[in-house]
Amino acid sequence: QVQLVESGGGLVQAGGSLRLSCAASGRTFSSYSMGWFRQAPGKEREFVAAISWSGGRIYYVESVKGRFTISRDNAKNTVYLQMNSLKPEDTAVYYCAATLRGPSPRREEYDYWGQGTQVTVSS
């Protein structure tokens, strides 16, 4: 059982940066792969990035490669998403998620979800 709480969202200008955090409850956090997804109004929730329990496997959607960095600190039960060079099309609610099945771009494979944090990028 994992509970997730995202933070760090906000309003930034295009080209700016934000760092999102996802704090997890429990002492089994390190057993989970973690993912970040985002959802804009009227659109499906889409995959952004994922990281394995050890940090040894990391995946990104092509549109954020070179701009976003996912990382985790198992001692703090926290996963991060550093977002640089933000674009208006990055505007969405960002969700973190946890799975025991390994890092995956498929939202249906994740067992636990946070409530989301809003990221708005102005032009």
Side-chain angles (χ1 to χ4, degrees):
Q1 184 77 22
V2 176
Q3 295 183 87
L4 307 172
V5 180
E6 303 95 335
S7 62
L11 174 64
V12 296
Q13 291 190 86
S17 297
L18 285 173
R19 189 179 76 160
L20 306 184
S21 298
C22 176
S25 66
R27 293 188 229 99
T28 60
F29 172 75
S30 62
S31 297
Y32 289 81
S33 294
M34 302 295 297
W36 285 97
F37 291 75
R38 64 189 181 187
Q39 188 167 23
K43 293 191 174 184
E44 292 283 310
R45 193 169 299 185
E46 69 170 342
F47 170 75
V48 177
I51 186 169
S52 64
W53 69 270
S54 66
R57 289 181 291 154
I58 294 174
Y59 305 100
Y60 300 98
V61 67
E62 285 293 331
S63 61
V64 308
K65 285 183 178 178
R67 300 190 297 123
F68 291 11
T69 303
I70 188 171
S71 62
R72 67 190 298 163
D73 185 340
N74 289 344
K76 293 184 176 180
N77 288 348
T78 301
V79 62
Y80 304 96
L81 186 68
Q82 177 67 46
M83 305 186 295
N84 299 326
S85 301
L86 283 162
K87 303 175 180 179
E89 52 261 45
D90 296 318
T91 295
V93 176
Y94 283 70
Y95 299 88
C96 68
T99 178
L100 286 170
R101 285 170 279 196
S104 173
R106 302 175 67 86
R107 62 185 185 272
E108 64 268 24
E109 294 190 18
Y110 288 81
D111 304 296
Y112 302 100
W113 294 84
Q115 292 298 302
T117 185
Q118 176 71 232
V119 172
T120 303
V121 184
S122 62
S123 59

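One is the number of the first residue; the rest follow in order along the sequence.
Closest approach of A98 and L4 over heavy atoms only: N-CD1, 3.9 Å. The two residues S52 and S33 come nearest to each other via the heavy atoms CA-OG, 3.5 Å. Taking every heavy atom of both residues into account, L81 and A49 meet most closely at CD1-CB, 4.2 Å. Considering every non-hydrogen atom in both S123 and P88, the closest pair reads CB-CG, 4.0 Å.
The NZ atom of K87 sits 8.0 Å away from the OG atom of S63 when rounded to the nearest 0.5 Å. Going from atom OG1 of T99 over to atom CD of E108 covers 10.5 Å, rounded to the nearest 0.5 Å. Note: R38 CZ to K43 NZ = 9.0 Å, rounded to the nearest 0.5 Å. Taking CD of Q82 as the reference point, atom CD1 of I70 lies at 12.5 Å (rounded to 0.5 Å). Considering OG of S17 and CG of L86, their distance stands at 6.0 Å, rounded to 0.5 Å. Atom OG1 in T69 sits 11.5 Å away from atom CZ in R19 (nearest 0.5 Å).
For R106, the CZ atom sits in a loose shell: 12 or fewer heavy atoms of surrounding residues, nucleotides or ligands are nearer than 6.0 Å.
Taking hydrophobic clusters as Ile, Leu, Val, Met, Phe, Trp and Tyr residues chained together by side-chain heavy-atom distances below 4.5 Å, W113 shares a cluster with L100. The cluster map of Ile, Leu, Val, Met, Phe, Trp and Tyr, joined by side-chain heavy atoms under 4.5 Å apart, puts V5 and V79 in different clusters.
Between the side chain of E6 and the main chain of Q115, a donor-acceptor pair closer than 3.5 Å is present. A side-chain donor-acceptor contact under 3.5 Å links Y110 to the backbone of S104.
Every residue was checked against the side chain to side chain donor-acceptor pair (under 3.5 Å) condition with Y95, not counting sequence neighbours, and none meets it. Every side-chain contact (heavy atoms from CB on, under 4.5 Å) that Q118 has, sequence neighbours left out, goes to T91, V93, T120.
Among residue pairs with one or both ends in residues 48-59, none qualify as salt bridge (charged side-chain N to carboxylate O under 4.0 Å, His left out); sequence neighbours excluded. Every pair passing salt bridge (charged side-chain N to carboxylate O under 4.0 Å, His left out) that includes a residue from residues 63-84 is listed here, sequence neighbours excluded: E62-K65, R67-D90. Identified under the ring-ring contact (aromatic ring centres under 6.0 Å, His included) test for residues 39-84, with sequence neighbours left out: F37-F47. Applying the disulfide (SG to SG under 2.5 Å) test to pairs two or more places apart or on separate chains, those with a residue in residues 90-123 are C22-C96.
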side-chain contact (heavy atoms from CB on, under 4.5 Å) evaluation trace for M83 with W36: CA-CA 12 Å; M83 305 186 295; W36 285 97; over 6 Å; no
